[in-house]
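Chain letters run A, B, ... following the sequence lines, proteins first and then strands; every chain starts at 1.
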Amino acid sequence: MEKNNTDYSRRAFLRASALAGGGLMIHFSSLASLVLPKNGEAVVSEQWSELNGYIKITPDNLIKLICPNPEFGQNVMTSLPMIVAEELDVDWKQVVVEMGPHDNVKLGSQFTGGSNSMRMYWRPLREAGATARQMLMQAAAQSWEVVLEDLTTKAGIIYHEKSGKKGSYGEFASKAAGIAVPKGVKFKAVKDFSVVRSSRKNVEGAKIISGKPLFGLDYTHPGMQIAMIQHPPAFGMKLKSFDASQALKMPGIKDVFSMKLYEDGFEQGGFDVRSFNELLVVVGKTTWEVMNARKKLVVEWMPAGDTKNTVGGRGGKREVVVPGELEDTDAQHTKMREYAAKPAQQLRKDGDPETAFKNAAQIIERTYTAPFLAHNCMEPMNFFAHVTAEKALLVGPLQAPGWTEPTLMKVLNLPADKIEIQMTRMGGGFGRRAYGHYLVEAALISRKVKAPVKLIYTREDDTTYGIYRPMYTATYRAALDADKKLIGFHLKGGGIPEHAVHANRFPAGAIDNYLAEGWQIASNITVGAFRAPGSNFAAAAEQSFLDELAEAMGKDPIDFRLELLKRAKDKPVGRNNDYNADRYAAVLQLVKEKSDWNGADHGKYSRGVAAYFCHSSYAAHVVDMVIRDGQPYVERVFSAVDCGIVINPDAAANMVQGAVVDGIGNSLYGGLTHKAGVVEESNFHKYRIIRMHEAPKKIEVTFVQNEIDPTGLGEPPFPPVFGAVASALYKATGKRFYQQPFLLTRPGLPSA
Amino acid sequence: MITLNINKKTHRVDADPNTPLLWVLRDIIGLVGTKYGCGVAQCGACVVHLDGEAVRSCVTKISRAQGKKVVTIEGLSETNSHPLQKAWLDLDVSQCGYCQAGQIMSAAVLLRENKNPSEQDIDDAMAGNICRCGTYLRIREAIQLAAKDQKNG
């Protein structure tokens, strides 16, 4: 048997062993038995030759592909390795997949979010596969003393037709690993794809449905303790004093203490956002014991007052004042109305919108609002940490290890090579797990108690101390001339603490006189990315407005959009329009056809349509609503999506269906409100999540077939759902809906 | 000490009788397929079978489980051979996968009691299980596929 010929594979093996208690890394022995059962006996091989960071091969031709990006349900653990398998030219059945450790050098930027996995890794993974294949062929050519050009491959076997020689990749893997990496290796033609563009099942499907330990919360470690944090009861409050004497008497409790997350003056990067800096920590043996002991804490809280954060990153180091106010949702709405009436920052201007509005025969003005949203990942935030003076091991659910590592280095005063981060499968992410403060918290707690620790947020912790989708509003105005022609368009958007105006998006570029403005209100409520950040509100408001505008102009809502897109294509207004009008129009035309938009047999449905472009992909939906038991119910949805080449079609359809369900749920029921800084929806009994009986009976997904390099899919289908639902609701009820969530309206909100 | 019968094995557990079964399964016995989602019987991620009935283990005290048979997702079948597990794989239902054990355990009781569930029956029986990724349509379809499989098999 050949030996491991790289240090890396040995290191990876050690890491895999460290995770044997239940991390995502899989034991080699179980891999082997899973894939190559010979005579019922597991074949165990640890002789991995590493061809590059993504590919390892054993002498008996077991192919292991390393997934660089964390998995939170978008199925990258299957679809990213499919790209490598395609170019490497191996049978997918030969392949085992392993989640890679955090290693930006070997595995790229390893960030799950922004629908960027495919966009970011398409070329690097094709290169990894094609280059490794070439190296294997070179090794074979050398061994057989033949010319490279005479070799072919199929399903992990190298052939030399002239001599009749053949050999598996495994036979040449060790030799190939020592060959200089060739440059400029040609990729397969798209028409020759046999793995990519065909549906492959989730590589962890069987583990999921048999309850195997996959998630961060499932991870365990010898001597591991459980930690929880008691946070202030409200945004705008902080710790005054605490008495832990009762809590410490509870069974299983080891320690109670308070500590700071970031020291004063710590320069926070964009993803270092955290709700509270002062942590009151309870550490004990088991989850239930710590939960109970935490209830026995006697804590005094006090108003935090205005505080200062030191923020770095884009814009340079600066002090940001966080207002100390205890915020109320009703007061937030009042404040938004005040700000909406003030002058705002101009973000884009084309032509002369002022004159267009002055000369208008008719002005249509509508205001839309949307609440804060909590991500509600089914697996609450948690992380394992074992920190000593020399090194740190961190294991758990995380979207962006590369963004938290620099923070850990500073906070723990350890170099990068002493910090090992392993990403488990995540029970949802939706943007929430891009903010790694909970790892840093876990690390500091572990260092303090000198033990391996798993920090767990309860559901209430997770919901009430979140990094939320901001609260938004936007006022749209349209100027029509006497012929009902659209002559001016004005968008003024705001939010707490940021607005959602994307000034260069459609319909910018399609209207001669256009103005976009934005404003924002500072707040102590912490916000961050939430599935299609900004877009999730922008699409809802803009697409609802276009629907109403089409009606006022006496046009079909799809035809109206297509006319605008034609204008944007033929004679674009302004510069920097950040969409492709043809691809945008194509998804609308496709959904029009698939839904039989003009068909006569849709009388029983109230139909709404919307389309949107974000995160480099295009999506359109037609939503068919009925009134069922007196309640609006989306029974059927048609979706058309252009995300370029679709890597794994059935899994991609699953994700679009999920985005549609998520969009229906959040548009109708989603929302987080505050009373004196306290989050009012602490758990699922108050925070309404869409359930099975509220999900459509059918969601038919069609992808545009093209050969454009793939772009993302996690986010783009989500935002337009809101607009389509709003327009269907109008058809179903005769009433326009301007405030999300549409079916849980609060009293005292502004109306158009 | 409390004696529990879990997946046909006897476990003697040193824990407060008021401890929810969920945390004994996860933290003491080491069966982590049963998930924590809300702790207040709202999401269904923690569903297990107690003498064949679907219960939410996050609010089921171990004192109540004593003397009864507990089945968790790990004990539903030995080789993923339950019709629901097969259907889940056939239709590639899972996205993040966190809720799916609870979904399957809820569906297993429905399918045992109702060999031929309608869409309405499924919606009613599964209303207590949240899937944040929105895989409901595939779950519904998988339950119907499993029902067919159960009838034919």
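For A/Asn666, the part lying near chain B is the side chain, with the backbone staying farther off; criterion is any non-hydrogen pair under 4.5 Å. Contacts of A/Ile664 with chain B are absent, with no heavy-atom separation under 4.5 Å from either backbone or side chain. For A/Phe684, the parts lying near chain B are the backbone and the side chain together; criterion is any non-hydrogen pair under 4.5 Å. If you measure heavy-atom distances from B/Val24 to chain A, you find no contacts under 4.5 Å at all. Contact of A/Pro696 with chain B is made through backbone and side chain together, with heavy-atom distances under 4.5 Å. For B/Leu91, the part lying near chain A is the backbone, with the side chain staying farther off; criterion is any non-hydrogen pair under 4.5 Å. Contact annotation for B/Asp16: neither backbone nor side-chain heavy atoms come within less than 4.5 Å of a heavy atom of chain A. Both the backbone and the side chain of B/Gln85 come within contact range of chain A, judged by heavy atoms closer than 4.5 Å. Proximity to chain B (any heavy atom under 4.5 Å) is restricted, for A/Met426, to the backbone atoms N, CA, C and O. Both the backbone and the side chain of B/Asp92 come within contact range of chain A, judged by heavy atoms closer than 4.5 Å. Both the backbone and the side chain of B/Leu89 come within less than 4.5 Å of a heavy atom of chain A.
Ranked by non-hydrogen atom pairs under 4.5 Å with chain A, the options B/Ile130, B/Ile139, B/Ile104 are led by B/Ile130. Your options are A/Ile689, A/Asn654, A/Thr287, and the one with the most heavy-atom pairs under 4.5 Å with chain B is A/Asn654. Each of A/Glu289, A/Met224, A/Met291, A/Lys698 has some count of heavy-atom pairs under 4.5 Å with chain B, and the biggest count is that of A/Met291. Ranked by heavy-atom pairs under 4.5 Å with chain A, the list B/Gly33, B/Cys133, B/Gly134 is led by B/Gly134. Top candidate by heavy-atom pairs under 4.5 Å with chain A, chosen from B/Cys96, B/Cys99, B/Cys131, is B/Cys96. Interface summary for chain B: among A/Ser199, A/Ala651, A/Ala206, A/Gly428, the most heavy-atom pairs under 4.5 angstrom belong to A/Ala206. The most heavy-atom pairs under 4.5 Å with chain B, out of A/Gly211, A/Gly252, A/Gly205, come from A/Gly211. Most heavy-atom pairs under 4.5 Å with chain A, from the set B/Gly128, B/Pro20, B/Gly39, B/Cys43: that is B/Pro20. Ranked by non-hydrogen atom pairs under 4.5 Å with chain A, the options B/Arg132, B/Gln42, B/Glu141 are led by B/Arg132. Between chain B and the residues A/Met692, A/His693, A/Gln657, A/Arg459, the largest count of heavy-atom pairs under 4.5 Å involves A/Met692.
Under 3.5 Å, the side chains of A/Glu715 and A/Ser115 contain a donor-acceptor pair of N or O atoms. Side-chain atoms of B/Lys61 and B/Ser63 include no donor-acceptor pair closer than 3.5 Å. At a cut-off of 3.5 Å, with distance as the only test, no side-chain donor of A/Ser79 or A/Asn648 sits close to an acceptor on the other residue. The closest side-chain donor-acceptor pair between A/Arg200 and A/Ser198 falls under 3.5 angstrom.
The pair A/Arg294-A/Asp461 counts as a salt bridge, with a side-chain nitrogen and a carboxylate oxygen less than 4.0 angstrom apart. With respect to B/Arg26 and A/Asp218, a salt bridge is recorded, a charged nitrogen being found less than 4.0 Å from a carboxylate O. B/Lys35 has no carboxylate O lying under 4.0 Å from a charged side-chain N of A/Glu379, or vice versa, which leaves the two without a salt bridge.
Within the 3.5 Å criterion, the main-chain N or O of A/Tyr687 finds no donor-acceptor partner in the side chain of A/Glu681. No donor-acceptor pair closer than 3.5 Å links the side chain of A/Arg531 to the backbone N or O of A/Phe430. Put simply, the side chain of A/Arg433 never gets that close to the backbone of A/Pro397: no donor and acceptor are under 3.5 Å apart.
The shortest distance between side-chain heavy atoms of A/Asn683 and A/Thr463 does not fall below 4.5 Å. Side chains of A/Asp662 and A/Phe718 form a contact here, defined as non-hydrogen atoms less than 4.5 Å apart. Between A/Ile456 and A/Pro380 there is no side-chain heavy-atom pair separated by less than 4.5 Å. Side-chain contact between B/Val32 and A/Leu214 is absent, with no heavy atoms from C-beta onward closer than 4.5 Å.
Aromatic ring centres of A/His621 and A/Phe638 lie farther apart than the 6.0 Å criterion allows.
For B/Val59, the side chain to side chain contact (heavy atoms under 4.5 Å, CB included) test picks out B/Ala41, B/Arg56, with sequence neighbours left out.
Against chain A, the residues from residues 106-127 of chain B that qualify, each with a non-hydrogen atom under 4.5 angstrom away, are B/Glu119, B/Asp123, B/Met126, B/Ala127 in number order. Contacts with chain A (heavy atom to heavy atom, under 4.5 Å) involve these residues of residues 69-84 of chain B, listed by number: B/Ile73, B/Glu74, B/Asn80.
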| message | Between A/Lys201 and A/Asp650, is the salt bridge (charged side-chain N to carboxylate O under 4.0 Å, His left out) condition met? List the steps. | response | CA-CA 8 Å; A/Lys201 295 212 157 73; A/Asp650 184 55; over 6 Å; no

| said: Let's go through B/Tyr36 and B/Trp23 carefully: what are the C-alpha distance in whole Å and the side-chain angles of both, what is the deciding distance for side-chain contact (heavy atoms from CB on, under 4.5 Å) to 0.1 Å, and is it a yes or a no? | reply: CA-CA 9 Å; B/Tyr36 166 69; B/Trp23 296 115; 3.4 Å; yes

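Considering CE of A/Met77 and SG of A/Cys67, their distance stands at 6.0 Å, rounded to 0.5 Å.
Identified under the ring pair (Phe, Tyr, Trp, His ring centres under 6.0 Å) test for residues 95-137 of chain B, with sequence neighbours left out: A/Phe215-B/Tyr98.
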